[in-house]
There are 2 protein chains.
Amino acid sequence: MTSSAASGTLAGPASSEASTGRRKTTSAQVVDRLRERILSGDLPEGAQLRQEKLASELGVSRVPVREALHQLEAEGLVTLVTHKGAVVSGLSVDDLEETYEIRAQLEGWLLEQAMPILSERDYARAEALVVEMESDLRDESWSDLNWRFHATLYAPANRPRTLELVHKLYRNAYRHFPLPIRLTGGRERMSREHRMLVELCRKGDVAAAREHLTTHILLGARTLISRLKALRQKEAADESGR
Amino acid sequence: MTSSAASGTLAGPASSEASTGRRKTTSAQVVDRLRERILSGDLPEGAQLRQEKLASELGVSRVPVREALHQLEAEGLVTLVTHKGAVVSGLSVDDLEETYEIRAQLEGWLLEQAMPILSERDYARAEALVVEMESDLRDESWSDLNWRFHATLYAPANRPRTLELVHKLYRNAYRHFPLPIRLTGGRERMSREHRMLVELCRKGDVAAAREHLTTHILLGARTLISRLKALRQKEAADESGR
DNA sequence: TCTCAAATAACTGGATACAAAATGAGTCAA
DNA sequence: TTGACTCATTTTGTATCCAGTTATTTGAGA
């Protein structure tokens, strides 16, 4: 446990210190590492997180790992059961639906607030992102680009905390969908809806834009969730029929 | 540190264990304790939280205290600065305004969803709470009763996560206002607005009810915040002029 | 062979002790 | 007065030990 020669060991002082100028604490680094692995799906829903294993993998002691797990629990990424340990938390279908409803409400409001302030520059930037989404066909890039597109339209509302909250909901919901089923309704439909949204904003039709955005989110969610249900049923069938 | 005979020592296993049947972990108890003290204003904004002091006060070691602080940080109640320690976090005026705006959006939506399902029983319960608020003149009871009134009208919407989120925002915003200035516009106006809200729900006028609720929240916030500003300016003046 | 209970192992939660790192205050000299 | 330096305080991290709980295995009896 001394040499910490494991493959995934945390970066030495030099690397992270140099970039920020301010060295993060070990537990904060552990949080970042684990969050990344969870959000990326590397640690799938339901995975057991053993303190000792994580500690040795990362080359740290158990204390910062425990603190990291507590923090991740507060973020909703893991579930801590007393004396049983940490498990990467899942989200029920109901929870997912609710998350999307909250997003629809808050994003609709953000767009409404931003619209009077949106400028041609913002529209151009948003459309550039649509183009980027059309050209970058890697599935992994998509959800980030999609968020940036949306965020571009909300930014002028100047509601940083709301934006952060929505972003958190966005990431937390998205990770539950395996990559293959994320692109709801295909890229074409997404592009079409996104372009349409920008167009409505340009026209200055607040009500129509909000309506379109809300539908975009909720219908997307419905498709996504029904696919997830199908996938889970299939998995359950495979499991029992095996 | 051995005898743990301090006044605020955590309850022995017996008391909390008996009620739930499942003993909470020490760090969870510490979280509860600290959250309570912060939300009640006992630990005011900006207060330094010394690990060792808290640990000895509560009769526990530093480990659960640190874990608790990390969790509270994730909840937004304290700010952790590396190597400087934990401070009860404040909220800027901008943050407060934003919090109320989010509440207005989400609560408006909750009410809309709940309205078709609300029954005479719910109205009666809500009105009973209004009466209770009129008779219980203790300032400390008020914010809890107020929340219960609102929650009663949202409960049928059956959106537990949204309700929890809103509740968190509610508490987190409220604690920043010292007790004396909490009752915006006096009890009479509050009662009037609450009764009016119930009446609009009874009539089934969804749009009017939502509008009234939103205004109720946002105007209340504005009054509250302007008072807070005045208070802070006064404090600043006292400070420099002393 | 199957089932259930006791023994055992594994893991988490917590306490304590100690080392390391960083901050802030104070000191001292230029 | 300014600036560098030292030092006490505090947080952070590690190691070790122990207690309590859960999971697993073992073994006896049916």
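Values below: all heavy atoms of this structure, side chains included; hydrogens, waters and symmetry mates excluded. So that the names make sense, note that chain A is the first sequence line, chain B the second, and so on, each numbered from 1.
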Fill in the blank from the handout: Picking from dT14(D), dT12(D), dG14(C), the nucleotide nearest the side-chain atoms of Arg62(B) would be dT12(D)
Problem - Separation of atom CZ in Arg50(A) from atom C1' in dA23(D), rounded to whole Å - result: 9 Å
Exercise for the section: Starting at atom CD of Glu67(A), determine the distance to atom C1' of dT12(C), rounded to an integer number of angstrom. Expected result: 15 Å
Handout entry: His150(A) ring center within less than 6.0 Å of His216(A) ring center
Key = yes
Problem - Thr99(B) side chain reached by Asn172(B) side chain, heavy atoms, under 4.5 Å - result: no
Handout entry: Integer-rounded Å distance: dT22(D) P and Gln51(A) CD
Key = 15 Å
Practice task
To the nearest Å, give me how far apart CZ (Arg66(B)) and P (dA17(C)) are.
Solution key: 16 Å
Handout entry: Among dG13(C), dA15(C), dT22(D), the nucleotide that comes nearest once only the side chain of Pro64(B) is considered
Key = dA15(C)
Practice task
Ignoring backbone atoms, establish whether Thr26(A) has a side-chain N or O less than 4.0 Å from OP1 or OP2 of dG13(D).
Solution key: yes
Exercise for the section: Report which part of the nucleic acid Leu69(B) touches: base, sugar-phosphate, or nothing (heavy-atom distance under 4.0 Å, all strands). Expected result: nothing
Exercise for the section: Give a yes-or-no answer on whether the side chains of Arg50(A) and Gln48(A) include a donor-acceptor pair shorter than 3.5 Å. Expected result: yes
Completion exercise
Atom CD of Gln48(A) and atom P of dT24(D) are separated, to the nearest Å, by 10 Å
Fill in the blank from the handout: Ranking dT21(D), dG24(C), dG13(D) by distance to the side chain of His83(A), first place goes to dT21(D)
Practice task
Run the salt-bridge test on Glu57(A) and Lys53(A) with the 4.0 Å N-O cut-off and return the result as yes or no.
Solution key: yes
Handout entry: Spacing between Glu52(B) atom CD and dT16(C) atom C1', to the nearest angstrom
Key = 11 Å
Problem - Basic-acidic side-chain contact under 4.0 Å: Glu52(B), Arg66(B) - result: no
Exercise for the section: Kindly state which residues belonging to residues 70-80 of chain A come within less than 4.0 angstrom of DNA chain C, counting heavy atoms of the residue only, listed by number. Expected result: none
Handout entry: SB check Arg222(A) Glu101(A) (cutoff 4.0 Å)
Key = no
Practice task
Would you please confirm or rule out a distance under 4.0 Å between OP1 or OP2 of dA23(D) and any side-chain N or O of Lys84(A)?
Solution key: yes
Exercise for the section: Quickly work out the Leu54(A) CG to dG13(D) P distance and round it to whole Å. Expected result: 16 Å
Completion exercise
Whichever of Val63(A) and Gly85(A) has the more 5' nearest nucleotide on DNA chain C, that residue is Gly85(A)
Practice task
Would you check if there is a donor-acceptor pair between the side chains of Ser143(B) and Asn146(B) at a distance under 3.5 Å?
Solution key: no
Handout entry: Between C1' of dT9(D) and CG of Leu49(B), the distance in whole Å
Key = 17 Å
